[in-house]
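Report on the structure given below.
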Amino acid sequence: MRRYLRIVGLCLACGFCSLLYAFSQLAVSLEEGAGGGGGKPQAGAASWLAGGGRGAAGGADSAGPAAHPGRSDRCKDFSLCYWNPYWMLPSDVCGMNCLWEAALRYNLKIQPVERMHLAVVACGERLEETITMLKSALIFSIKPLQFHIFAEDQLHDSFKGTLDSWSFLQTFNYSLYPITFPSENAVEWKKLFKPCASQRLFLPLILKEVDSLLYVDTDILFLRPVDDIWSLLKKFNSTQIAAMAPEHEEPRIGWYNRFARHPYYGKTGVNSGVMLMNMTRMRRKYFKNDMTTVRLRWGDILMPLLKKYKLNITWGDQDLLNIIFFHNPESLFVFPCQWNYRPDHCIYGSNCQEAEEEGIFILHGNRGVYHDDKQPAFRAIYEALRNCSFEDDNIRSLLKPLELELQKTVHTYCGKIYKIFIKQLAKSLRDRFDRPPKER
């Protein structure tokens with residue numbers, strides 16, 4: 001009896017395999033008839049991973065058989081999968097290793113790479129500063145960057161020419177925007193503090209499709225990857241919508257606590273030159289304020305604030321941000337001074353403890369110190385990065401001549417602690433060249 005059962009089982013197995021083979025041959029014949037390509041298919045197992053798959057065919061940029069003469073239409077050196085339904089495979093793959101292909105189809109899908117969004121506003125004579133800032137961001141960062149550049153019309157061609165010349169890096173995209181303010185108050189907003197500076201207040205309303213954004217002033221230099229400050233978004237609690245550094249560490253030299261005629265955040269206020277934002281939360285939040293008992297959304301609070309305080313504010317949009325977060329302190333994440341290191345942190349003696357311990361992460365050369373001799377340590381860093389190119393050898397050799405220049409600045413308070421200017425920079429350079437070449 002057992003012998004008969006074995007024979008019946010063997011016959012059923014053979015019949016099942018024959019049936020699968022017949023269906024496979026039928027499918028292959030249909031493929032060849034539809035594709036019109038004869039001969040042995042060329043190897044191309046990963047083509048659908050790079051940009052194929054369902055929905056990829058068609059359009060000017062599709063890499064189908066018309067773009068690659070001689071390539072079989074869909075079968076890439078694989079026969080029909082016997083263990084998964086054919087229609088469950090990618091549209092341009094019919095393979096024989098079904099388990100492997102199923103893994104590719106379901107478990108190893110290529111996920112879109114997260115881009116870090118960086119915004120800057122440039123007006124007047126700020127082209128060179130902005131280009132140097134963007135260069136510093138690209139030299140050290142790991143993940144791709146999306147630049148959002150708001151600039152006066154006459155600067156657009158210069159930005160485009162320079163950024164297009166960097167396209168070989170393949171690590172960034174950029175978008176250029178005109179300076180845009182609400183039409184009914186455009187002149188008033190544009191003249192607030194410095195030309196165009198208040199543009200940053202309207203970024204959540206203009207970049208509606210952007211979830212999170214790092215805004216920086218033009219006089220910023222990154223001395224470590226943008227990835228690191230971007231990662232602070234994950235440290236936000238459920239109520240926090242933005243992050244900034246304190247305006248001062250030492251209250252005795254603080255501006256807000258001594259001179260401000262309006263509310264400000266914390267003990268010494270905050271500086272908005274480096275501002276990390278969860279703009280989705282900013283657009284959704286209703287803000288407490290001192291103008292009405294009704295909470296207002298971001299787009300509704302700005303103009304009433306300006307009207308109330310315009311005769312009392314000195315630093316323009318930064319003062320308005322201080323007022324907003326004074327009334328909504330739970331919404332602000334405060335990061336240490338090393339993420340926004342300014343001359344005030346060393347001009348009267350060192351007062352940024354985090355920078356003394358770990359070095360400067362982001363350098364902020366406000367008050368024009370990159371372009372005069374008042375703070376030569378800041379100027380030395382700026383000129384080194386301005387003159388640096390993207391070649392590995394050039395970047396590798398950045399540190400030693402820079403240190404020699406910084407040693408010439410020890411007659412100033414900032415120069416006396418010049419090592420904190422290159423401590424993090426040296427680490428960033430080491431990390432860059434420890435990474436595989438494709439990740440640089």
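Just so it is clear, the values below take in all heavy atoms, side chains as well, and ignore hydrogens, waters and symmetry mates.
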Closer than 3.5 angstrom, by distance alone: can the side chain of [X] be matched with the main-chain N or O of [Y] as a donor-acceptor pair?
X: S141; Y: V226; answer: yes
X: E152; Y: G124; answer: yes
X: S428; Y: L223; answer: yes
X: S136; Y: F222; answer: yes
X: N271; Y: G273; answer: yes
X: N322; Y: P263; answer: no
X: N278; Y: R281; answer: yes
X: R261; Y: L311; answer: yes
X: K310; Y: L192; answer: no
X: N340; Y: A245; answer: no

With heavy-atom distances below 4.5 Å as the criterion, would you say the side chains of [X] and [Y] are in contact?
X: I241; Y: F236; result: no
X: L306; Y: I313; result: yes
X: L134; Y: L163; result: yes
X: I229; Y: V274; result: yes
X: V210; Y: H148; result: yes
X: L425; Y: I360; result: no
X: W166; Y: T171; result: no
X: Y286; Y: D300; result: no

Closest approach of [X] to [Y] (non-hydrogen atoms, all atoms of both residues):
X: D392; Y: F433; value: O-CZ, 3.5 Å
X: R283; Y: L207; value: NH1-O, 3.2 Å
X: R342; Y: F378; value: C-CZ, 3.6 Å
X: G299; Y: L205; value: CA-CD1, 3.8 Å
X: Q318; Y: S272; value: OE1-N, 3.0 Å
X: L118; Y: V216; value: CD1-CG2, 3.8 Å

To the nearest 0.5 Å, what is the distance between [atom1] ([X]) and [atom2] ([Y])?
X: Q338; Y: C352; atom1: CD; atom2: SG; value: 6.0 Å
X: L398; Y: D393; atom1: CG; atom2: CG; value: 12.5 Å
X: L305; Y: L321; atom1: CG; atom2: CG; value: 9.5 Å
X: T162; Y: D157; atom1: OG1; atom2: CG; value: 11.0 Å
X: S397; Y: L429; atom1: OG; atom2: CG; value: 9.5 Å
X: D227; Y: I142; atom1: CG; atom2: CD1; value: 4.5 Å

In this structure, which one of Y177, F172, Y174 forms a ring pair (Phe, Tyr, Trp, His ring centres under 6.0 Å) with F147?
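It is F172; the other options fail the test.
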With ring pair (Phe, Tyr, Trp, His ring centres under 6.0 Å) as the test, pick out the partner of F202 among F150, Y215, W189.
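Of the listed residues F150, Y215, W189, the ring pair (Phe, Tyr, Trp, His ring centres under 6.0 Å) partner of F202 is W189.
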Salt bridge or not for [X] and [Y], using N-O below 4.0 Å?
X: R367; Y: D344; value: yes
X: K288; Y: E330; value: yes
X: K408; Y: E405; value: yes

Disulfide (SG to SG under 2.5 Å) with C123: which residues, sequence neighbours excluded?
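Partners of C123 by the disulfide (SG to SG under 2.5 Å) criterion, ordered by chain and then number, come out as C196.
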Quick one: are the ring centres of Y382 and Y370 less than 6.0 Å apart?
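Ring centroids of Y382 and Y370 are less than 6.0 Å from each other.
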What residues form a side chain to side chain donor-acceptor pair (under 3.5 Å) with Q240, not counting sequence neighbours?
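Not a single residue meets the side chain to side chain donor-acceptor pair (under 3.5 Å) criterion with Q240.
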Assess whether side chain to side chain contact (heavy atoms under 4.5 Å, CB included) is satisfied between L232 and W339, documenting all intermediate values.
CA-CA 11 Å; L232 297 181; W339 292 104; 4.3 Å; yes
Is a side-chain donor-acceptor pair under 3.5 Å present for [Y] with [X]?
X: N289; Y: H327; answer: no
X: D319; Y: Y256; answer: yes
X: T280; Y: D211; answer: yes
X: E247; Y: W315; answer: no

Please determine whether side chain to side chain contact (heavy atoms under 4.5 Å, CB included) holds for the pair Y265 and M244, giving the CA-CA distance in whole Å, both sets of side-chain angles, and the decisive distance to 0.1 Å.
CA-CA 11 Å; Y265 178 88; M244 288 181 276; over 6 Å; no
Might you confirm whether atom [atom1] of [X] has over 12 heavy atoms from other residues, nucleotides or ligands at distances under 6.0 Å?
X: Y413; atom1: OH; answer: no
X: Q154; atom1: CD; answer: yes
X: K419; atom1: NZ; answer: no
X: E250; atom1: CD; answer: yes
X: R284; atom1: CZ; answer: no
X: F390; atom1: CZ; answer: yes

Side chain to side chain donor-acceptor pair (under 3.5 Å) with S350: which of H345, E356, K416, E249?
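The option that passes is E356.
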Evaluate disulfide (SG to SG under 2.5 Å) for C414 paired with C346, printing each intermediate quantity in order.
CA-CA 5 Å; C414 295; C346 58; 1.9 Å; yes
Fit a plane to each ring of Y341 and F421, take the angle between them on a 0 to 90° scale, and name the class: parallel (under 30°), tilted (30 to 60°) or perpendicular (over 60°).
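Aromatic pair Y341/F421 classed perpendicular.
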Cation over ring, R224 on F140, under 6.0 Å and within 45°?
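That pair does not qualify as a cation-pi contact.
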Given the rule in the side chain to side chain contact (heavy atoms under 4.5 Å, CB included) test, do H248 and W255 qualify, once you have shown the distances and angles that lead to the verdict?
CA-CA 8 Å; H248 287 282; W255 193 93; 4.1 Å; yes
Is there a side chain to side chain contact (heavy atoms under 4.5 Å, CB included) between S212 and H117? Walk through the geometry before answering.
CA-CA 7 Å; S212 296; H117 292 261; over 6 Å; no
